[in-house]
Structures are given as C-alpha cells and as structure tokens.
There are 2 protein chains.
Amino acid sequence: MTPELRHLRYFVAVAERLSFTVAARELRIAQQSLSQQIVALERALGTRLFDRDTRGTRLTEVGRVFLPEARAVLARADAAVETARRAERGEVGRLHLAFLVSTANYMMPPVVRAFRERYPDVDLVTEAVGIADLVGGLRDGRYDAAFTRPPLVDDLKTVTLVGERVCAVLPTGHPLAGRAELRLADLAGEPWVLTPRGSWEPWHRKYDEDFRAAGFAPRVVQRADGVPSLLGLVAAGVGVTRLARSAHSLRRTGVVFVPLAGERAETVMAWHPGRYRRAVRNLLDVAVGLAAAIDLTEAG
Amino acid sequence: MTPELRHLRYFVAVAERLSFTVAARELRIAQQSLSQQIVALERALGTRLFDRDTRGTRLTEVGRVFLPEARAVLARADAAVETARRAERGEVGRLHLAFLVSTANYMMPPVVRAFRERYPDVDLVTEAVGIADLVGGLRDGRYDAAFTRPPLVDDLKTVTLVGERVCAVLPTGHPLAGRAELRLADLAGEPWVLTPRGSWEPWHRKYDEDFRAAGFAPRVVQRADGVPSLLGLVAAGVGVTRLARSAHSLRRTGVVFVPLAGERAETVMAWHPGRYRRAVRNLLDVAVGLAAAIDLTEAG
DNA sequence: CGGGGGTCACAGGCTCTGACTGTAACCGCC
DNA sequence: GGCGGTTACAGTCAGAGCCTGTGACCCCCG
C-alpha cells in the first residue's frame with residue numbers, strides 16, 4: 001500500500017494532540033478507525049511513528065522527523081488545489097492575445113498594462129498579426145482573444161470597445177486638404193490607393209457598400225498592404241485613401257487627415273465562443289472598463 | 001470530497017499520455033475506473049481538467065496549470081516517505097549524546113567528527129555531564145547514548161571501546177616518582193585524595209575492592225569532585241591518587257603519572273536497551289570502528 | 001460507402017476497505 | 001477496588017473503487 005493524503009492528515013492530527021481518542025473526536029471518526037489507519041501508514045512506511053501504550057501516545061524519533069514532512073505534503077497539496085481554483089477563475093494561466101497590426105499601436109500597451117496589474121499571475125503572450133492570421137488563430141485556438149476591426153465572421157463573438165471618426169487621407173497641398181470635414185462623394189473623381197481585396201473579404205465588401213452608397217466606384221490606381229504603405233503612397237501623391245483617425249499617429253508628414261461626415265470605425269475584442277474561458281471574460285471586463293475610462297485611440 | 005494522492009497520480013498519468021485508455025492500461029486499472037476517478041477529481045476541484053471527446057483527450061488551460069502542481073505534490077510526498085525510511089535507518093533525525101566530563105576531552109572530538117561525516121543529516125546534540133546525570137539521562141530518555149567509564153548499572157547496556165593503563169598520580173619529587181611502574185600496595189602508607197563516595201557508588205565499590213585486594217584501606221585526607229581538582233591537590237602535595245592515563249593531558253606540571261601494574265581502565269559506550277534505535281546502532285558502529293582504527297585515548 | 005479500430009461515457013454488479021460498535025487489557029489516581 | 005483514562009482486537013456494514021458489458025461517436029482504410 002502507498003500512503004494517501006488521508007493517512008497524513010490523520011497522522012498530523014494524532015501527532016498534534018498526542019492522543020488517538022482526542023484526535024479521532026476532532027476528525028469525527030472512531031478511535032478504532034484512526035488506530036487502524038495509523039497502523040496502515042506505519043506499515044506502508046516500514047516504521048513505527050508512535051510509541052503508544054495504555055498511558056498515552058508519544059512520537060517516536062522517526063515520527064518526529066516525519067511530522068514536518070507530512071505537514072509539508074499537505075500544505076503543498078492545499079496549494080495545488082488552490083492554484084487549480086484560481087486557474088478556474090482565470091487568475092493564473094496563460095492567455096494568447098492577437099492584436100491587429102493597425103490597432104496594436106494604440107490598444108496593446110494600455111490593455112496589457114491594465115490586465116497585468118489586475119491579474120499578475122496570468123502569463124500574457126501577445127502578437128501583432130494580420131487580419132487573416134488573426135481570424136484563423138481565433139478559430140483554431142492559437143489565440144484566446146484578439147483586438148481587431150469589424151466586420152469579421154459569424155462564428156466569432158465580438159464586443160465593441162471604442163469608436164472613432166474615419167478620415168479621408170490626402171497629400172499635403174491637395175485642393176481639399178484645407179476642409180474641416182468631407183463627404184465620401186467629394187472624393188469620387190480622385191485616384192485611390194487601397195489594400196488588396198484578398199487581405200480580408202468582409203472588409204472590402206463593406207468598402208464596396210460604402211462607395212456604392214456614396215454613388216461612385218473608386219478608381220484604384222494602386223493596392224498596398226498595411227497602413228504605413230498606404231500613407232507612404234498618399235504622401236507620394238499617388239492617390240488618396242480612407243483610414244481610421246487613429247492611423248494619423250503613424251505618419252504626420254506629407255499627409256492630411258480630414259474627417260468624413262457620418263463615418264465611424266470601431267475597434268472590437270473578438271473570441272471564439274467555444275473557447276470562452278474565465279480568463280477571456282476577465283480580459284473583456286478589463287478592456288471594457290478601460291475603454292470607458294480613457295480614450296484608447298489616443299493612448300499607447 | 002477532498003482529492004487524494006491517487007487522484008493526482010491518475011491525473012498525471014492521463015495528462016502525460018493524453019489518453020484514458022493508454023493511461024489506464026499502464027496503471028493496470030480499467031479505462032472506465034480511471035474516467036470515474038478523474039471525474040471525481042474534477043468535481044472536487046470544481047473545474048474540468050480535460051477536454052475529451054470521441055477523437056481524443058486534451059488538457060484544458062486549468063489542466064495545464066494543474067499538471068506541474070500535481071507533479072510537485074507527488075514528488076513532495078515521495079520525498080516525505082523517503083525521509084521517513086531514512087529516519088528509520090537512522091540517517092536523519094536527532095541524537096542526544098552525553099560524554100562523561102573526564103572522557104569528553106579525548107572521546108568527543110573524534111567520535112563526533114566521524115559520525116557527522118558518515119551521517120551528515122543526523123543532528124548531533126552533545127553534552128559533557130557528570131556520571132549521575134549521565135546515567136539518569138540514559139534512563140529517562142534525555143540522552144540516547146553516552147560515553148563513560150564502567151561500572152554503571154545493570155539496566156544499561158555497554159560496549160567497551162578502549163582500554164588504557166591506570167596510573168598512580170604523585171607530586172613531582174615524590175620518592176616513588178622516578179619508578180617506571182608501581183603496584184597499588186606500594187602506596188599503602190600514602191595520604192590519598194579521592195572523589196566523594198556520593199558521586200557514583202558503583203565506582204567506589206570497585207575502588208574498595210581494588211584497595212582490599214592490595215591489602216590496605218587508603219587513608220583519605222581530602223575528597224574533591226572532578227579530575228582537575230584531584231590533580232591540583234596532588235600537585236599541592238596534599239596526597240596521591242589514581243587515574244586513567246589519559247587524564248595526564250589535563251595537567252602536566254607538578255604531577256607525575258606512574259603506571260600501576262596490571263590495572264586497566266575502560267571507556268564504554270552505554271545506552272538504554274529500550275531505546276536502542278538504528279541511530280544508536282549506527283553510532284556504536286562508528287565508535288567501534290574508530291576505536292579499532294586509532295588510539296582514542298591519545299586523540300582529541 | 002461500410003466496416004474495423006480507436007476514442008470516452010454510462011450502467012450495473014462485485015470486492016474490499018475504511019468506517020462503525022462492542023469488548024478487552026492495561027495504567028494511574030482517588 | 002472502582003473509575004476515568006489510554007490503545008488494541010474482533011466482527012459487521014456501507015460505500016468507494018474497480019470491473020464487465022454496452023453504447024455513441026469519429027476517423028481511416030479498403
């Protein structure tokens with residue numbers, strides 16, 4: 001037989017009271033049962049732990065040595081159980097987060113800082129990724145949650161954290177660059193630079209919709225992936241584009257951001273509903289709370 | 001229910017193989033029983049540890065956190081059992097040793113050093129005490145073993161470690177101080193200094209015997225307790241006395257040690273038979289081995 | 001497309017163990 | 001000598017843990 005935690009608990013109880021009778025009463029079992037279990041433990045260890053006779057019970061030398069050992073095992077076991085419970089509450093463990101590259105800039109620092117402060121024992125692993133990788137990672141479990149822009153896909157859940165204005169991005173010196181606000185239709189005759197359609201279909205379907213509502217189809221003179229590339233092309237005078245206002249922190253020379261009337265861009269937290277664990281919920285709470293407290297599009 | 005070590009062992013087995021079927025086979029129980037126990041553990045912890053379906057078993061995030069915890073508990077338990085076994089072999093624990101003051105001088109350093117080297121995890125507590133305290137301590141368990149001189153009492157076991165010559169101790173310049181050897185009868189007319197009879201009856205009964213065999217009763221002019229006191233009185237010319245040869249290391253001026261023909265003094269290790277534990281046996285082995293290897297009466 | 005081999009879960013029955021009660025032996029104190 | 005205290009021994013019982021039998025499902029291969 002190999003000792004179980006019960007035997008150690010019984011042993012410690014007897015050792016602390018130096019009486020089978022008293023210990024059994026406190027353990028709420030019969031003295032005979034306690035004696036029996038201690039004998040079983042002694043046999044398993046191959047040694048006597050107590051000297052006992054009709055006038056009482058004393059620890060043997062081996063028992064004296066074993067007492068702190070048994071206490072240590074029990075304490076370690078309690079700690080293990082407690083850790084499991086904390087893990088269940090999402091207070092320890094590991095969380096893989098994806099940030100869309102164009103949102104990583106302003107979202108990642110404050111969110112990560114706030115979460116680390118609230119849940120110091122959660123090991124946060126973050127990555128700035130493209131939209132396709134982000135969605136794929138949420139679906140196959142590589143990421144537990146992500147911060148990105150809608151629209152995504154039906155099988156992912158999202159909660160909107162912040163909204164911000166959408167701007168026309170024009171080269172400095174453009175005839176419309178001095179306006180305080182524009183409508184999308186004002187840019188109907190301009191040459192456009194946009195991201196490749198293949199980068200993320202749902203986005204481009206929404207773009208198509210927007211342009212159709214504005215009554216024109218943009219003349220796309222070049223496609224380039226990534227906000228910095230687009231800004232570079234605009235600054236070079238190749239064409240105009242349209243971006244969320246927070247992108248202006250990435251390039252401040254050669255381009256002008258003019259708000260577009262009635263258009264807003266959202267940043268959302270997304271996750272796979274089948275993997276909605278406590279830690280994800282905790283992250284959502286932190287992110288929502290943060291969005292309510294500060295302007296995340298200006299942060300970072 | 002509170003988890004037992006069995007549950008942790010089962011959990012680790014499943015987590016390592018990611019298969020109930022394989023783990024059960026290695027644990028030599030049925031897969032169904034293993035499933036049952038894992039479910040019980042999960043209920044006790046209030047959380048799922050595995051995601052399982054028809055195509056296999058994977059750890060949940062909580063399970064991943066709990067796995068090293070469970071391993072740690074099991075390792076701690078193994079260590080505790082191993083410590084108990086080592087304690088049973090007398091390799092860890094505490095040993096209280098008494099040294100008769102007059103033997104502490106030469107016995108204690110080599111014995112303690114040799115034992116510490118062989119059993120570094122045994123906590124050795126040593127004390128130099130008088131003979132009455134030594135015997136009392138062995139009887140009531142204050143000391144596990146002692147190094148002393150016979151005769152003692154019947155209820156203590158002893159093993160002789162070393163024997164040495166007994167000497168007449170004379171003041172420098174005494175008419176017999178130049179002799180290479182004496183017989184006790186040669187000192188029949190001398191004034192004697194001896195220890196008080198009350199110090200230890202069995203010794204004095206042996207002294208009486210010796211003197212009777214030599215054909216005289218000594219004329220005791222003063223009694224003093226402790227070897228240094230006796231040597232001081234001899235050096236002062238108050239009288240002569242009789243001591244084991246090893247005592248000469250305590251005082252080399254004013255006194256002369258002359259061997260007595262045919263008389264030997266022994267040093268023994270003593271213990272109470274009811275408290276003969278493995279550690280005591282180990283100490284005995286070390287002491288006997290040491291006595292065979294070096295001259296303990298000259299050591300220290 | 002169907003069958004075989006793999007997964008885990010559920011249901012019912014057997015065994016053994018950890019618990020209980022009752023009893024005995026022993027010690028120390030009044 | 002009786003009483004209150006200790007632990008140990010013997011016999012009994014309920015339930016925990018394990019077993020077998022079965023079912024549902026998935027994947028791969030022929």
Side-chain angles (χ1 to χ4, degrees), chain A residues 1-45 47-60 62-64 66-67 70 74 77 139-141 274, chain B residues 1-45 47-60 62-63 66-67 70 74 139-141 274:
Chain A
M1 189 214 62
T2 163
E4 292 290 339
L5 291 178
R6 174 171 26 89
H7 295 111
L8 302 185
R9 271 187 281 269
Y10 287 4
F11 166 68
V12 170
V14 175
E16 281 176 350
R17 290 151 188 89
L18 291 181
S19 159
F20 281 73
T21 315
V22 175
R25 191 156 49 230
E26 305 209 356
L27 291 168
R28 312 179 149 276
I29 63 172
Q31 165 263 314
Q32 294 86 336
S33 309
L34 182 54
S35 289
Q36 193 175 319
Q37 293 303 307
I38 294 293
V39 168
L41 174 60
E42 288 177 329
R43 206 168 19 179
L45 296 178
T47 183
R48 301 226 104 199
L49 296 170
F50 296 103
D51 282 327
R52 38 203 191 271
D53 53 34
T54 60
R55 72 183 163 285
T57 299
R58 295 157 304 282
L59 277 169
T60 63
V62 176
R64 254 190 300 278
F66 191 60
L67 179 55
L74 292 172
R139 279 171 159 161
D140 69 17
Chain B
M1 191 213 62
T2 163
E4 292 291 337
L5 291 178
R6 182 188 49 257
H7 296 110
L8 302 186
R9 270 188 282 269
Y10 287 2
F11 166 67
V12 171
V14 175
E16 281 176 350
R17 290 152 188 89
L18 291 180
S19 159
F20 281 73
T21 315
V22 175
R25 192 158 46 231
E26 304 207 358
L27 291 169
R28 310 179 152 277
I29 63 172
Q31 165 262 313
Q32 294 86 336
S33 309
L34 182 54
S35 288
Q36 198 175 318
Q37 292 301 306
I38 295 293
V39 168
L41 174 60
E42 288 177 329
R43 207 165 19 175
L45 295 178
T47 182
R48 300 226 103 199
L49 296 170
F50 296 103
D51 282 328
R52 38 203 190 273
D53 53 35
T54 60
R55 72 183 164 286
T57 300
R58 294 157 306 283
L59 277 169
T60 62
V62 176
F66 191 59
L67 179 55
L74 292 172
R139 279 171 158 163
D140 69 16

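Computed over heavy atoms, backbone and side chain alike; hydrogens, waters and symmetry mates excluded. Letters A, B, ... mirror the listed sequences (proteins, then strands); counts begin at 1.
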Calculate the interatomic distance between A:R6 atom CZ and D:dA16 atom P; express it in whole Å.
12 Å
Heavy-atom neighbours of A:R43 CZ exceed 12 at 6.0 Å:
no
Quick one: B:Q37 CD to C:dA9 C1', roughly how many Å, whole number?
15 Å
Nearest-nucleotide pick for A:Q32, side chain only, options being C:dA19, D:dA8, C:dA9:
D:dA8
Looking only at the side chain of A:S19 (C-beta and beyond, no hydrogens), which of the listed nucleotides D:dT7, C:dA19, D:dC18 gets closest?
D:dT7
From the candidates C:dA19, C:dC20, D:dC19, the one with an atom nearest any side-chain atom of A:A30 is C:dC20
How many whole angstroms separate atom CG of A:D53 from atom P of D:dC9?
13 Å
Using whole Å, what does the distance between atom C1' of nucleotide C:dC20 and atom CZ of A:R28 come to?
16 Å
From A:Q32, A:Q37, A:Q31, residue fulfilling side-chain hydrogen bond (donor to acceptor under 3.5 Å, both in side chains) relative to A:S35:
A:Q31
In whole angstrom, give the distance that lies between atom CG of A:L34 and atom P of D:dT7.
9 Å
Would you kindly give the OH-to-C1' distance between B:Y10 and C:dC8, to the nearest whole Å?
17 Å
Could you check A:F66 against A:L49 for side chain to side chain contact (heavy atoms under 4.5 Å, CB included), going step by step and ending with a plain yes or no?
CA-CA 8 Å; A:F66 191 60; A:L49 296 170; 4.1 Å; yes
Search all heavy atoms of B:L27 against all heavy atoms of B:L34 and return the closest pair with its distance.
CD1-CD1, 3.9 Å
Is a donor-acceptor contact shorter than 3.5 angstrom present between the side chain of B:Q31 and the base of C:dA9?
yes
Length of the line joining B:L59:CG and C:dC8:P, which is rounded to integer Å
13 Å
Using a 4.0 Å heavy-atom cut-off, does A:F50 contact any base of the nucleic acid, only the sugar-phosphate backbone, or nothing at all?
nothing
I need the A:E4 CD to A:R9 CZ distance, nearest 0.5 Å.
9.5 Å
Given C:dC8, C:dT23, C:dG18, the nucleotide with the shortest approach to the side chain of B:R52:
C:dC8
Integer-rounded Å distance: C:dG18 P and A:L5 CG:
14 Å
Which part of the nucleic acid, if any, lies within contact of B:S35, taking any heavy atom under 4.0 Å across all strands shown: a base, the sugar-phosphate backbone alone, or nothing?
sugar-phosphate
Walking DNA chain D from its 5' end, the first of A:Q36 and A:T21 to be reached, judged by nearest nucleotide, is A:T21
Distance test, side-chain N/O of A:T57 to OP1/OP2 of D:dT7, below 4.0 Å
yes
